[in-house]
Amino acid sequence: MIDANANRAREAMRVMEDAARFLLDDATLVADLKAVRHAFAAAMASLAESGVALVASRDTPGDVGTEVEGGGEYERATPTDLVVAAGKRLTEALRVIEEASKLEGQADTARAVEALRYRSYELERRLSTAVRARERRQYRCCLLLTESACVRPWSYVLRAALEAGVDCVQVREKAMSGRALVERVEAVVAEARPLEAAVIVNDRADVALSAGADGVHVGDHDVPCDRLRRWVDQGLVVGVSTHRLDDARAALSAGADYAGVGQVFASSTKRRDELAGLAYVREFFDWGLLPGLAIGGIEASNVASVVAAGAKGVAVSSAVCGADDPGAAAAAIVAAVPPFDA
């Protein structure tokens, strides 16, 4: 049991480490996974030094388990499936080793492996969260829809923007009651879904879930992303506002699916004392571990500079909501952002 599960654990650790290395290019995660692998090797060496014959007890031809095939064993639809399967395999194997070591009277090894199991739970979470984020959709143009900012009726602005190619709508109505907001989001979903545009709700995960939206966006003073992830599953997209790369790294670790990247330019919608500017846009998209939307004062006259800085998606508000012809305004911005091929 110990030998078979030691092999299983090593194989799982190597899959996880290579995923962090080749899928994510994440040196910190690679180093943390490698540290667990080395600590595990030391625990197994200590067991062997205590007289537990591992390799000598191996009998692969006579192992009845090699003929048993589990359901879905040869199916991995996404990289997330790959790393989740490896993580489960690792922690299960460590648990078997921990318990079997007790039968051998090797309490010290059992304690060491138990500690590695707890470390592995957290590494599994970090790795699967990061890989899942890479699989999330990169929006090209997100409309921040606020009725009070609209020159034309909000429903007209919405329809015109969607027809112009906007592929994400964030409903931002901070003063609206919960009941009214649910009804508004349901109406937006009904317009957006046939055109395969996503609908995100600002701040309110409860409203997003109630109205059938795709996700929620949280800012600096809202419920933190990691807290949200405790009670909403990975089916709900969570976006997080970020202003520097440390924020983006924290958002990724907390389970965010995309980041708002800004504030890029001065904006009448939301004023900040300090702008992140194009420098942060460039830094974020060079980093590249989360989908992102450059945000803040973006309009047709400056969107080209944002794209030139590396932005793969932008979020706009007054440039479209405040336009006499919101469809033309949205179309000009969408045309400036090249389609993103994940």
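- For R125 (side chain) and S253 (main-chain N/O), a donor-acceptor pair under 3.5 Å exists by modelled atom type.
- At distances below 3.5 Å, at least one donor-acceptor pair connects side-chain atoms of Q138 with backbone N or O atoms of G292.
- Across all non-hydrogen atoms, the minimal contact from T129 to G255 is CG2-CA, 3.4 Å.
- For D167 (side chain) and C141 (main-chain N/O), a donor-acceptor pair under 3.5 Å exists by modelled atom type.
- Checking V185, V182, V201 one by one against S210, the side-chain contact (heavy atoms from CB on, under 4.5 Å) holds for a single residue, V182.
- Of the possible donor and acceptor atoms, one in the side chain of N302 sits under 3.5 Å from a partner among the backbone N and O of G297.
- With rounding to the nearest 0.5 angstrom, the CG atom of L181 is 11.0 Å from the NZ atom of K174.
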**Report entry** E11 and R8: CA distance, side-chain angles, deciding distance, salt bridge (Lys or Arg N to Asp or Glu O under 4.0 Å) verdict
**Finding:** CA-CA 5 Å; E11 293 159 2; R8 186 176 293 121; over 6 Å; no
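- Considering every non-hydrogen atom in both A39 and R119, the closest pair reads CB-NH1, 4.3 Å.
- Look at D32 and R126 and you find a salt bridge, because one of the NZ, NE, NH1 or NH2 atoms lies within 4.0 Å of a carboxylate O, short of that distance.
- Note on R111 versus D108: salt bridge recorded, some NZ/NE/NH1/NH2 to OD/OE distance being below 4.0 Å.
- With a 6.0 Å radius and a threshold of 12 heavy atoms from other residues, nucleotides or ligands, R21 has its CZ atom at or below the threshold.
- Taking all atoms of both residues into account, the shortest heavy-atom contact from A256 to V240 is CB-CG2, 3.7 Å.
- Under the 4.5 Å side-chain heavy-atom criterion for grouping Ile, Leu, Val, Met, Phe, Trp and Tyr, L278 is connected to V337 within one hydrophobic cluster.
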Report task. Could you go through the salt bridge (Lys or Arg N to Asp or Glu O under 4.0 Å) check for E124 and K88 one step at a time? Result -> CA-CA 8 Å; E124 177 193 356; K88 301 302 182 195; 3.0 Å; yes
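- Using the six-membered ring where Trp is involved, H217 and Y258 have ring planes that are tilted, between 30° and 60° apart.
- Proximity of a side-chain donor or acceptor of E114 to a complementary backbone N or O of E98 within less than 3.5 Å is not detected.
- Formation of a donor-acceptor pair under 3.5 Å by the R282 side chain with backbone atoms of G310 is not found in this model.
- Taking CD1 of I200 as the start and CG of L145 as the end, the distance is 13.0 Å to the nearest 0.5 Å.
- For the residue pair V303 and A336, the shortest heavy atom distance occurs at CG1-CB, 3.4 Å.
- The closest donor-acceptor contact from the side chain of S120 to the backbone of L116 lies under 3.5 Å.
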Requested in this report: Start with the C-alpha distance between W287 and R249, add both sets of side-chain angles, then the distance that settles side chain to side chain contact (heavy atoms under 4.5 Å, CB included), and finish with yes or no.
Outcome: CA-CA 10 Å; W287 175 63; R249 291 192 178 103; 4.0 Å; yes
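- Residues E191 and P194 approach most closely at O-CD, 3.5 Å, considering heavy atoms.
- For CD of E196, the number of neighbouring non-hydrogen atoms (other residues, nucleotides, ligands) closer than 6.0 Å is 12 at most.
- Remark: E299 CD to S318 OG distance equals 7.0 Å, nearest 0.5 Å.
- Note on R227 versus D222: no salt bridge recorded, every NZ/NE/NH1/NH2 to OD/OE distance being 4.0 Å or above.
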Requested in this report: Go through L144 and I295 one step at a time and tell me if the side chain to side chain contact (heavy atoms under 4.5 Å, CB included) criterion holds.
Outcome: CA-CA 10 Å; L144 308 180; I295 185 171; 3.6 Å; yes
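- We find the CZ-CZ distance between R152 and R159 to be 11.5 Å, quoted to the nearest 0.5 Å.
- T146 places a side-chain N or O within donor-acceptor distance of the main-chain N or O of R172, the cut-off being under 3.5 Å.
- From F40, atom CZ reaches atom CG of L90 across 8.0 Å, with rounding to the nearest 0.5 Å.
- Annotation: side chain of V84 is not in contact with side chain of R76 (no heavy-atom distance under 4.5 Å).
- Atoms CG and CG, on L236 and D257 in that order, are 8.0 Å from each other to the nearest 0.5 Å.
- Between V199 and A192, the shortest heavy-atom contact is CG2-CB, 3.6 Å.
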Requested in this report: Check the pair L123, L29 against side chain to side chain contact (heavy atoms under 4.5 Å, CB included), reporting the backbone distance first and the verdict last.
Outcome: CA-CA 8 Å; L123 288 170; L29 192 49; 4.0 Å; yes
Report task. Decide side chain to side chain contact (heavy atoms under 4.5 Å, CB included) for I97 and M44; before the verdict, give the C-alpha distance in whole Å, the side-chain angles of both, and the deciding distance to 0.1 Å. Result -> CA-CA 10 Å; I97 296 169; M44 292 300 95; 3.8 Å; yes
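- Between the E135 side chain and the T80 main chain, a donor and an acceptor come within less than 3.5 Å of each other.
- A salt bridge links E99 with K102: the closest approach of a Lys/Arg side-chain nitrogen to an acidic carboxylate oxygen falls below 4.0 angstrom.
- At distances below 3.5 Å, at least one donor-acceptor pair connects side-chain atoms of D81 with backbone N or O atoms of T78.
- Annotation for K34: atom NZ does not count as buried by contact number, only 12 or fewer foreign heavy atoms lying within 6.0 Å.
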